[in-house]
There are 2 protein chains.
Amino acid sequence: MKRVTLKEIGKQLNLSPGTISKALNDSHEISAETKRMILAYTKKINYIPNFSAKSLKTGRSNTLAIIVPFISSSFFFDFYEEISLILSQTNYQLILLQTFNDEKKEKEALELCVQNNIDGIIISPVKNDSSLSLLMYIMDQICPIIIFDRINHQLDTFKIGIQNNKVIYQATAEMIKNGRKNIILLLCKDIGGNATRIKGYKDALFNSSIPYNEDNIVEISYSSPKDDIDAELERKISALLSSPVPPEALLSTTDTLSLKVLHILNKLKVKIPENMNLIGFSNTPFANSLNPSLTTIAQPTRLMADKSVELLLEMLKKRNKKNYFEFETYFLDCQIEHRKSTSASRE
Amino acid sequence: MKRVTLKEIGKQLNLSPGTISKALNDSHEISAETKRMILAYTKKINYIPNFSAKSLKTGRSNTLAIIVPFISSSFFFDFYEEISLILSQTNYQLILLQTFNDEKKEKEALELCVQNNIDGIIISPVKNDSSLSLLMYIMDQICPIIIFDRINHQLDTFKIGIQNNKVIYQATAEMIKNGRKNIILLLCKDIGGNATRIKGYKDALFNSSIPYNEDNIVEISYSSPKDDIDAELERKISALLSSPVPPEALLSTTDTLSLKVLHILNKLKVKIPENMNLIGFSNTPFANSLNPSLTTIAQPTRLMADKSVELLLEMLKKRNKKNYFEFETYFLDCQIEHRKSTSASRE
DNA sequence: CTGAAAGCGCTTACAG
DNA sequence: CTGAAAGCGCTTACAG
């Protein structure tokens with residue numbers, strides 16, 4: 001029982017390998033009768049084609065790639081799941097690559113795409129200018145690219161993201177409405193959208209005539225959800241809590257930080273929401289089961305994934321007509337999901 | 001700027017394509033001098049080889065596959081992450097495939113492996129006998145296979161799992177020690193290890209002279225973490241709670257069930273741990289942040305992943321000497337992680 | 001409607 | 001140590 005090839009099948013059926021190939025690809029050149037006969041036979045022997053040969057010949061792989069910083073981040077995970085689900089309805093395969101926020105790994109991931117004749121790429125890049133020349137080369141020579149999430153990247157293509165200033169504005173305003181004035185904004189350092197995030201935060205304060213205090217901007221530097229930032233985070237939070245006018249609210253802008261800060265506040269016996277309103281940027285399905293359940297800003301992950309695939313498939317369809325596209329950046333809206341960690345009542 | 005081939009490079013350097021190939025593969029046939037020169041050049045122009053051609057020629061892909069029911073299950077996710085981490089140290093690529101507990105999808109996933117000249121497979125199969133003939137064919141003709149988690153599968157190969165009866169015994173004994181006699185065992189229906197699980201449960205009761213009551217075995221039928229089983233689960237739990245002798249403890253054997261049942265018990269205002277001890281089979285890192293924090297049975301996921309890769313790589317090394325192996329099944333130990341959802345004190 | 005033949009870009013046994 | 005040549009298993013322009 002050796003692995004069967006088209007040549008072998010042709011010999012069995014007294015047809016040429018080319019005819020078998022055309023039949024299996026449902027070419028109009030082949031008669032219905034012959035097709036039926038060939039399909040019956042290949043099904044019977046469970047013929048499994050060799051994709052390497054096909055890919056070598058055609059220059060395509062029927063495979064798309066999604067490149068994210070960390071699949072362990074629930075936003076990226078959900079995004080991946082959705083893409084995976086959509087593509088399972090097509091005959092595209094999907095491969096998942098992680099950069100770990102490392103430019104070198106990003107380059108490796110992209111080269112892997114080239115090596116494997118990947119047909120299209122959806123990526124959340126490491127930095128605004130990471131792998132720029134390689135990405136441009138790929139766009140030009142290899143396959144279309146869609147950028148999502150970190151849409152400040154300089155590559156000229158379709159981009160799908162959220163309006164950071166707007167959503168941070170809303171969350172901050174929400175806390176102000178709950179009577180909180182001293183609000184911590186917790187950020188992951190060196191992430192593209194921070195400037196716009198801070199802008200949204202400041203605008204919300206300004207519109208309620210609350211003075212801006214730069215000590216309330218807390219930036220934590222980490223690149224992996226597994227980095228040990230717990231001690232640093234606890235120290236900074238503790239310091240703010242023991243200041244003359246302790247903070248009454250905290251807005252956390254990443255999934256990782258949201259979970260960690262909740263844990264720390266519980267440990268420090270801070271009463272949530274009475275003494276501390278808490279809103280987390282998060283996509284975790286467990287927000288409901290947390291203690292207390294966490295009010296979150298949920299990114300429209302599925303919509304983002306849907307749009308990314310839609311655009312990529314569209315570019316693939318028009319693959320031959322380059323420069324045809326007017327590239328656009330799409331900003332999707334986030335939603336605040338209210339749970340127990342925010343309320344107006346105090347102790 | 002067209003994509004460069006070995007032929008092209010050969011022309012530029014006045015060498016044959018064969019020589020370039022050998023140099024890049026660090027063949028001993030090529031002089032150090034020539035190698036250095038070729039490497040310098042290919043690096044300068046950032047030569048990226050065509051893996052399809054390589055794979056077609058060699059019959060190998062340098063890619064391993066991991067096939068799981070659902071990557072959204074945290075056990076499988078952690079397992080995947082660990083494998084991914086280990087392989088990033090090697091030059092094997094990894095592809096992830098999901099079966100959604102569907103035999104047809106499992107067959108498709110395996111055929112995809114064959115199509116892509118995958119070098120090795122690590123799989124948690126859908127059922128004890130799913131895809132048996134295809135798996136045997138693959139083992140025989142294509143590449144080695146390791147089975148993990150669902151180790152009751154009939155394929156003869158290396159298997160890595162846990163001793164279900166032992167760990168369920170321990171968890172049950174733990175609850176008995178906390179003075180609980182009426183203990184619910186919550187299972188996902190039709191999963192391989194259930195018989196051994198029930199045995200562990202019964203043995204623990206028996207050794208404490210507690211009569212076995214079959215109503216306490218609750219089986220819920222679902223195949224995806226996203227299946228809507230909430231109503232059914234709530235109905236069954238409610239019914240037991242309103243029986244003359246309500247249960248005082250619950251042992252949940254899957255991740256999905258653990259989170260759902262916690263949510264339901266909270267909703268029904270059952271006091272945990274006072275009136276209900278709760279132990280969940282779970283790998284979620286959020287166990288600590290749940291309300292209350294959940295005592296869990298944690299599978300030795302990383303060890304299982306390490307062992308799986310170790311065995312697979314070993315089989316790959318000895319690829320030519322088939323039938324050389326004495327296949328074994330490895331049983332790894334689980335650990336109970338004590339948190340607030342279990343204790344002896346009552347109300 | 002079917003077939004013969006070239007070629008995708010590599011690797012490798014063989015010759016020199 | 002280097003090269004010429006065959007071949008991996010497909011697809012497809014071309015011929016008939």
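Letters A, B, ... are given to chains in the order of the sequence lines, protein chains preceding strands, and every chain is numbered from 1.
- For S52(A) and dC8(D), the shortest distance from a side-chain N or O to OP1 or OP2 is not below 4.0 Å.
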Please tabulate the protein-to-nucleotide N/O contacts below 3.5 Å involving nucleotides 12-16 of chain D, giving atom names and distances.
residue	atom	partner	partner atom	Å
dA13(D)	N6	K22(A)	NZ	3.3

May I have the list of side-chain donor-acceptor pairs in residues 10-19 of chain B shorter than 3.5 Å, sequence neighbours left out?
residue	atom	partner	partner atom	Å
S16(B)	OG	T19(B)	N	3.2
S16(B)	OG	T19(B)	OG1	3.0

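- When the P atom of dG9(C) is taken as reference, atom CD of Q115(A) falls 15 Å away, rounded to whole Å.
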Exercise for the section: Evaluate the side chain to side chain contact (heavy atoms under 4.5 Å, CB included) criterion for residues E82(B) and D306(B): first the C-alpha distance (whole Å), next the side-chain angles of each, then the deciding distance (0.1 Å), finally the verdict. Expected result: CA-CA 8 Å; E82(B) 177 73 5; D306(B) 296 350; 2.7 Å; yes

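- Regarding K35(B), its NZ atom lies at a distance of 10 Å from the P atom of dT2(D), rounded to whole Å.
- Looking at S124(B) and D149(B), their side chains do bring a donor and an acceptor atom within 3.5 Å of each other.
- Under a 4.0 Å N-O distance rule, the pair E314(B)/K317(B) does not qualify as a salt bridge.
- Contact annotation: K54(A) reaches the phosphate of dT11(D) (side-chain N/O to OP1 or OP2, under 4.0 Å).
- Atom NZ of K105(B) sits about 4.5 Å away from atom OG of S88(A), to the nearest 0.5 Å.
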Practice task
Check the pair R3(B) / V114(A) against side chain to side chain contact (heavy atoms under 4.5 Å, CB included), numbers first and verdict last.
Solution key: CA-CA 10 Å; R3(B) 185 142 175 220; V114(A) 178; 3.6 Å; yes

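- Look at CG on D26(A): it is 15 Å from C1' on dT11(D), rounded to the nearest Å.
- For A53(A), counting side-chain heavy atoms from C-beta on, the closest listed nucleotide (dC1(D), dC10(D), dT2(C)) is dC10(D).
- The distance from atom CG of N117(A) to atom P of dC8(C) is 14 Å, rounded to the nearest whole Å.
- Between E111(A) and K107(A) there is a salt bridge, since at least one side-chain N of the basic residue sits less than 4.0 Å from a carboxylate O of the acidic one.
- One interatomic measurement links the two molecules: CG of N116(B) to P of dC10(D), which rounds to 13 Å at whole-angstrom precision.
- Using bins of under 30°, 30° to 60° and over 60° for the plane-to-plane angle, the ring pair F76(B)/F148(B) lands in the perpendicular bin.
- Nucleotide dT11(C) holds its C1' atom 12 Å from the CD1 atom of I30(B), rounded to whole Å.
- The side chain to side chain donor-acceptor pair (under 3.5 Å) test with N117(A) singles out one residue from S55(A), S52(A), S61(A), and that residue is S55(A).
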Handout entry: Dot-bracket summary - DNA chain C, pairs being Watson-Crick or G-U whose distances fall under 3.5 Å, with | when paired to another strand
Key = |||.||||||||.|||

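- Distance NZ (K7(B)) to P (dG7(D)): 18 Å, rounded to an integer number of Å.
- Between D26(A) and K35(A) there is a salt bridge, since at least one side-chain N of the basic residue sits less than 4.0 Å from a carboxylate O of the acidic one.
- S27(A) comes within contact range of no nucleotide atom at all, as no heavy-atom separation falls under 4.0 Å.
- With dG3(C), dG3(D), dC10(D) as the choices, the nucleotide that has an atom nearest any side-chain atom of L15(B) turns out to be dG3(D).
- At dG9(C), none of the side-chain N or O atoms of Y47(B) fall inside 4.0 Å of OP1 or OP2 (strictly under the cut-off).
- The listed nucleotides are dC10(C), dA4(D), dG9(D); the one nearest the side chain of S16(B) is dA4(D).
- In this model, the phosphate group of dC8(D) is not approached by any side-chain N or O of S55(B) to a distance below 4.0 Å at OP1 or OP2.
- Straight-line distance from the CZ atom of F51(B) to the P atom of dC10(D): 21 Å, rounded to whole Å.
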